[in-house]
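Have a look at the structure below before the remarks.
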Protein chains: 2
Amino acid sequence: MTQTLQEIQEHPVNYVPKELLASPGFLLAKMGVAMKTRALEEFEEAGYEAYHYGVLALLDESARGTQAAIADALAVDRSQLVGILDSLEERKLIERHRDQTDRRRQTVTLTAEGRKQLVRLRGIVRGIEDEFLAPLDAKSREALHDLLLQLACFHDPRCGAGAA
Amino acid sequence: MTQTLQEIQEHPVNYVPKELLASPGFLLAKMGVAMKTRALEEFEEAGYEAYHYGVLALLDESARGTQAAIADALAVDRSQLVGILDSLEERKLIERHRDQTDRRRQTVTLTAEGRKQLVRLRGIVRGIEDEFLAPLDAKSREALHDLLLQLACFHDPRCGAGAA
DNA sequence: TATTGTTATACTCTATAACTATA
DNA sequence: TATAGTTATAGAGTATAACAATA
């Protein structure tokens, strides 16, 4: 949609309905989707996908995991994870090894290069957040984080258990 | 994805990476998308689309509007709005009338039935929010709302101007 | 020629189903 | 028979492009 100058002049009262702005649920959805969209763009610009960061961050904490466990932790379908891992393996950021006790399973581990790129991705993530949360000072960001974490723990038990 | 009992037993440490949980941006995206998904489901269950509510709420505030103005206010593409309005018109919740001074334009207005259904939809919206924001008390919800509104106004000027 | 509303098309993201090799 | 990973397919949701009527 390309908005011309004339359009802007003819429709100056181009406001978002107050009723929607008064709804925390609407704003949460709106801002959450905007945050996600922004993140996807930034990652793509850097040559990555957002899920790459999730996988690397997870492996950095747990050292190794089966694909099923990784998929569950990140709440992506196992079939979706395949492509993500393929892409990470091509770049030599992770390695897949057959589990010798159960040859159906692959054990996924982080490479040295993967650890290095994770640091780079952390920088990108910080940049995205700083830009998106720009109007909020440190205290406000922490307040927002607290509230969102309460919601996350309530709706997804895996947040509380692992983070405790 | 069907998770069997055996899987749950074999992968008990099915936690979300702490690094992600520590990120307000990640949580905002995660919860925002969850909120949106939940809302879409609830609306569908009630026989509506989420955008129906947006259109009705907007028309209730501004009485009438061209399709272009409505699309811009709700940040949907004009081509997408067509289907939404078709659906609302079929149910006789809105009416489209050709603008006689510029026959390219359609003026969209709310019907009495539309006003009635808007009340019903407001109830649904309240239900969705109450369920999703359940762990937060009134004060916390207001704090969340304030923070999100700051973000919305920063990223989308139409929020501040119209709401002031 | 440009714009409104409309229709048609393509693309992203995700969810589901089917396949293989192992158990 | 059931599971781990994989591949193939289908479905939302949205963005882009082309169109007819009107200005």
Side-chain angles (χ1 to χ4, degrees), chain A residues 1-11 29-30 32-34 36-41 43-44 49-52 54-55 64-72 74-89 94-108, chain B residues 1-11 14 29-30 32-34 36-41 43-44 49-52 54-55 65-72 74-89 94-108:
Chain A
M1 182 196 69
T2 35
Q3 199 175 21
T4 65
L5 178 62
Q6 193 184 5
E7 270 170 20
I8 295 170
Q9 290 170 339
E10 288 189 16
H11 305 291
K30 179 179 164 74
V33 170
K36 184 176 187 179
T37 304
R38 196 78 201 83
L40 291 176
E41 287 169 359
F43 274 113
E44 189 179 5
E49 299 167 31
Y51 279 124
H52 287 166
V55 171
R64 61 185 59 245
T66 65
Q67 293 192 190
I70 295 170
D72 292 352
L74 299 178
V76 304
D77 196 89
R78 294 172 189 190
S79 62
Q80 198 184 347
L81 183 66
V82 174
I84 298 164
L85 293 183
D86 285 348
S87 163
L88 287 169
E89 198 174 28
I94 61 147
E95 284 175 356
R96 284 195 259 216
H97 298 286
R98 283 274 161 212
D99 182 336
Q100 292 308 322
T101 72
D102 183 344
R103 292 186 45 73
R104 289 173 305 182
R105 295 186 172 176
Q106 306 250 51
T107 301
V108 184
Chain B
M1 182 196 70
T2 34
Q3 196 175 25
T4 64
L5 179 61
Q6 193 184 5
E7 271 170 17
I8 296 169
Q9 291 170 339
E10 288 188 16
H11 305 289
N14 180 19
K30 180 180 164 73
V33 170
K36 184 177 188 180
T37 304
R38 195 78 200 84
L40 291 176
E41 286 170 0
F43 275 112
E44 189 179 6
E49 299 166 32
Y51 280 124
H52 287 167
V55 172
T66 65
Q67 293 191 190
I70 295 169
D72 291 353
L74 299 177
V76 304
D77 196 89
R78 295 171 189 191
S79 62
Q80 197 184 347
L81 183 66
V82 174
I84 299 165
L85 293 183
D86 285 348
S87 164
L88 287 170
E89 198 174 28
I94 62 149
E95 284 175 355
R96 284 194 260 215
H97 299 286
R98 283 272 161 215
D99 183 337
Q100 293 307 322
T101 72
D102 181 345
R103 292 186 45 73
R104 289 173 304 180
R105 295 185 172 177
Q106 306 251 50
T107 301
V108 184

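Residue numbers start from 1 in every chain, and the chains themselves are labelled A, B, ... in the order their sequence lines are given, proteins ahead of strands.
Phosphate proximity of C:dT14 to A:Arg78: absent, as no side-chain N or O sits under 4.0 Å from OP1 or OP2. Put simply, B:Gln80 has no side-chain N or O that comes within less than 4.0 Å of OP1 or OP2 on D:dT16. In terms of phosphate contacts, A:Lys36 brings a side-chain nitrogen or oxygen within less than 4.0 Å of OP1 or OP2 of C:dT14. Applying the 4.0 Å criterion to OP1 and OP2 of C:dA23, one finds that A:Arg98 has every side-chain N and O outside that range.
For B:Ser79 against D:dT16, a side-chain-to-base donor-acceptor contact under 3.5 Å is present. Counting distance only, with no hydrogens placed and no angle test, the side-chain atoms of B:Thr66 and the base atoms of C:dT4 include no donor-acceptor pair under 3.5 Å. Below the 3.5 angstrom threshold, one finds a donor paired with an acceptor across the side chain of A:Arg104 and the base of D:dT3. Not a single donor-acceptor pair, N or O on each side, falls under 3.5 Å between the base of D:dT22 and the side chain of B:Arg103.
A:Asp77 places its CG atom 16 Å from the C1' atom of D:dA12, with the value rounded to the nearest Å. In this structure, B:Gln100 places its CD atom 15 Å from C1' of C:dT4, rounding to the nearest Å. Distance CG (B:Asp99) to P (D:dA23): 9 Å, rounded to an integer number of Å. Here C:dA21 presents its C1' atom at 14 Å from CD of A:Gln67, a figure rounded to the nearest Å. Atoms CD1 (B:Ile70) and P (C:dT4) sit 13 Å apart, rounded to a whole Å. Taking atom NE2 of B:His52 as the reference point, atom P of D:dG13 lies 12 Å away to the nearest angstrom. For the pair A:Glu49 CD and C:dT12 P, the computed distance is 12 Å after rounding to whole Å. Atoms CD (A:Glu41) and C1' (D:dT14) sit 14 Å apart, rounded to a whole Å.
The residue B:Leu40 sits close only to the backbone: its heavy atoms come under 4.0 Å of sugar-phosphate atoms, none of a base.
Once rounded to the nearest 0.5 Å, the distance linking CZ of A:Arg78 with CG of A:Leu85 reads 13.0 Å. Atoms CD1 and CD1, on B:Ile94 and B:Ile70 in that order, are 7.0 Å from each other to the nearest 0.5 Å. Rounding to the nearest 0.5 angstrom, the gap separating the CG atom in A:Leu88 from the CZ atom in A:Arg96 is 9.0 Å. Remark: A:Thr66 OG1 to A:Asp102 CG distance equals 10.0 Å, nearest 0.5 Å.
Checked against D:dT14, C:dA23, C:dT16, the side chain of A:Asp102 finds its nearest nucleotide in C:dA23.
Between the side chain of B:Arg98 and the backbone N or O of B:Arg104, at least one donor-acceptor pair lies under 3.5 Å.
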